[in-house]
There are 2 protein chains.
Amino acid sequence: MSTENQDLKKAGLKVTLPRVKILQILERVEDKGRHMSAEDVYKALLDAGDDVGLATVYRVLTQFESAGLVSRHNFESGHSVFEMAKDDHHDHMLCVETDQVIEFYDPDIEKLQRKIADKYGYELLEHSLVLYVKPKKATKK
Amino acid sequence: MSTENQDLKKAGLKVTLPRVKILQILERVEDKGRHMSAEDVYKALLDAGDDVGLATVYRVLTQFESAGLVSRHNFESGHSVFEMAKDDHHDHMLCVETDQVIEFYDPDIEKLQRKIADKYGYELLEHSLVLYVKPKKATKK
DNA sequence: CTAATTGCAAAAGCTTTGCAGCGCA
DNA sequence: TGCGCTGCAAAGCTTTTGCAATTAG
């Protein structure tokens, strides 16, 4: 049995066509450094010839999020984007020109954040850090 | 003439009751370490007996943002919150228990962010950093 | 006076929900 | 077979927009 199906079972979700397809789409796009909105996933399904309702896409993505299979982000206001959940924490860099998503982890930044919260008398629960970037100009020869 | 009115004129906006009132509300709440949504501002206006339409609140807040008078944030998904614009850049700490907003600036974090973007071949344009925190437990005597 | 502004209501995105029928286990 | 799942359409929220009436300068 495929990995996707095992993941679904483990999450207590029935192995249905919409769920499997959506997982595959998210996995495939993962390599390209892109995140998808519910609408994106929906269109990808239609393009692939799979007739899945938009409401189902939303429901499935929400279930996946609860199950810890995917993470939801709200980079741009107005809509959510999703990515396959990773085991390790990471922050995001978003290229405003190519829409590329780069994930990174910096222990120093993590440490500084805890220190700052502490300084103000708080305990850090979680954080959201997004860097908006553009490609560096090529250096002149 | 009041400061608000000068700010409005400078922004090329006519000095109208809704705009003055909204500015006042934002300034007043500024001291309490809170940010307001459009709906919050709208309710505050009604409470104060000022009959301003919700659409106007949205329009005015958007104009203020364009004019650089206020900043818009999208901490929680689903809606925007506003604060009076500050001259200096700062990030936010959000207490999940009291809804208090603490603003902070850490030069080391700023520097690290530029360094990380650079490492990946990008130039840092801007960033969004929000720390979600809760009050530290009181230390035992 | 006249262009800017406002209020109301309608409409537009994104997302959720109710319900009847379909399908996995 | 039975409960979970899906599709469709309708509804919910936040925010925007069209338009006629109002108002600041």
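Just so we're clear, the structure is a prediction, and the values are computed from it rather than from any experiment. Computation of the quantities below employed the complete heavy-atom set of this structure, encompassing side-chain atoms and omitting hydrogens, waters and symmetry-equivalent molecules. Each chain gets a letter, A, B and so on, in the order the sequences are listed, and its residues count up from 1.
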Nearest atoms (heavy-atom pairs only) where A:A85 meets A:G68: CB-O, 3.2 Å

Given D:dC5, D:dG25, C:dT15, the nucleotide with the shortest approach to the side chain of A:L54: C:dT15

Whether B:H90 and B:H92 hold their rings parallel, tilted or perpendicular, with breakpoints at 30° and 60°: perpendicular

Donor-acceptor pair under 3.5 Å, A:R59 side chain vs D:dG4 base: no

Of the listed nucleotides D:dT15, C:dT15, D:dC5, the one nearest the side chain of A:R19: D:dC5

Side-chain ion pair, B:R34 and B:D99, N-O less than 4.0 Å: no

Length of the line joining A:K21:NZ and D:dT6:P, which is rounded to integer Å: 14 Å

Atom pair distance, as rounded to whole Å: CG in A:N74 and P in D:dC13: 18 Å

Spacing of CG belonging to B:D106 relative to CD belonging to A:Q113, to within rounding of 0.5 Å: 9.5 Å

Verify same cluster id: B:V52, B:L61 (apolar side-chain graph, 4.5 Å): yes

Atom-to-atom span, CG of B:L61 to P of C:dT5 - whole angstrom: 15 Å

Phosphate-side-chain proximity, B:T16 and D:dA24, N/O vs OP1/OP2 below 4.0 Å: no

Residues touching DNA chain D, which here means a heavy atom under 4.0 Å, drawn from residues 45-53 of chain A: A:D51, A:V52, A:G53

Length of the line joining B:Q63:CD and D:dA24:C1', which is rounded to integer Å: 14 Å

5′-ward residue of the pair B:P18/A:E39 relative to DNA chain C: B:P18

Atom of B:V130, atom of B:Y132 and distance for their closest heavy-atom approach: CG1-CZ, 3.6 Å

Gap between atoms NE2 and P, on B:H79 and D:dT16 respectively (whole Å): 14 Å

Which atom of A:V57 lies closest to which atom of A:I22, heavy atoms considered: CA-CD1, 4.0 Å

Side chain of A:V60 (C-beta onward), nearest among C:dT6, C:dT16, D:dT6: D:dT6

Within 6.0 angstrom of A:K111 NZ, more than 12 heavy atoms from elsewhere: no

Gap between atoms OH and P, on B:Y58 and D:dC13 respectively (whole Å): 13 Å

Transitive ILVMFWY side-chain link B:Y105 to A:L124, under 4.5 Å: no

Nearest to side-chain heavy atoms of B:K14, which nucleotide of D:dT16, C:dT16, D:dG25: D:dG25

Nucleotide nearest A:A55 (side chain, heavy atoms from C-beta), chosen from C:dT17, C:dT5, D:dT6: C:dT17

Degree of bending, the helix from C:dC1-D:dG25 to C:dA25-D:dT1 (end axes from five pairs; round to 10°): 30°

Spacing of B:R72 atom CZ relative to D:dT15 atom C1', expressed in whole Å: 9 Å

Whether A:F104 and B:Y120 hold their rings parallel, tilted or perpendicular, with breakpoints at 30° and 60°: tilted

Spacing between B:D40 atom CG and D:dT15 atom P, to the nearest angstrom: 10 Å

Sugar-phosphate, base or nothing in reach of A:S80, heavy atoms under 4.0 Å: sugar-phosphate

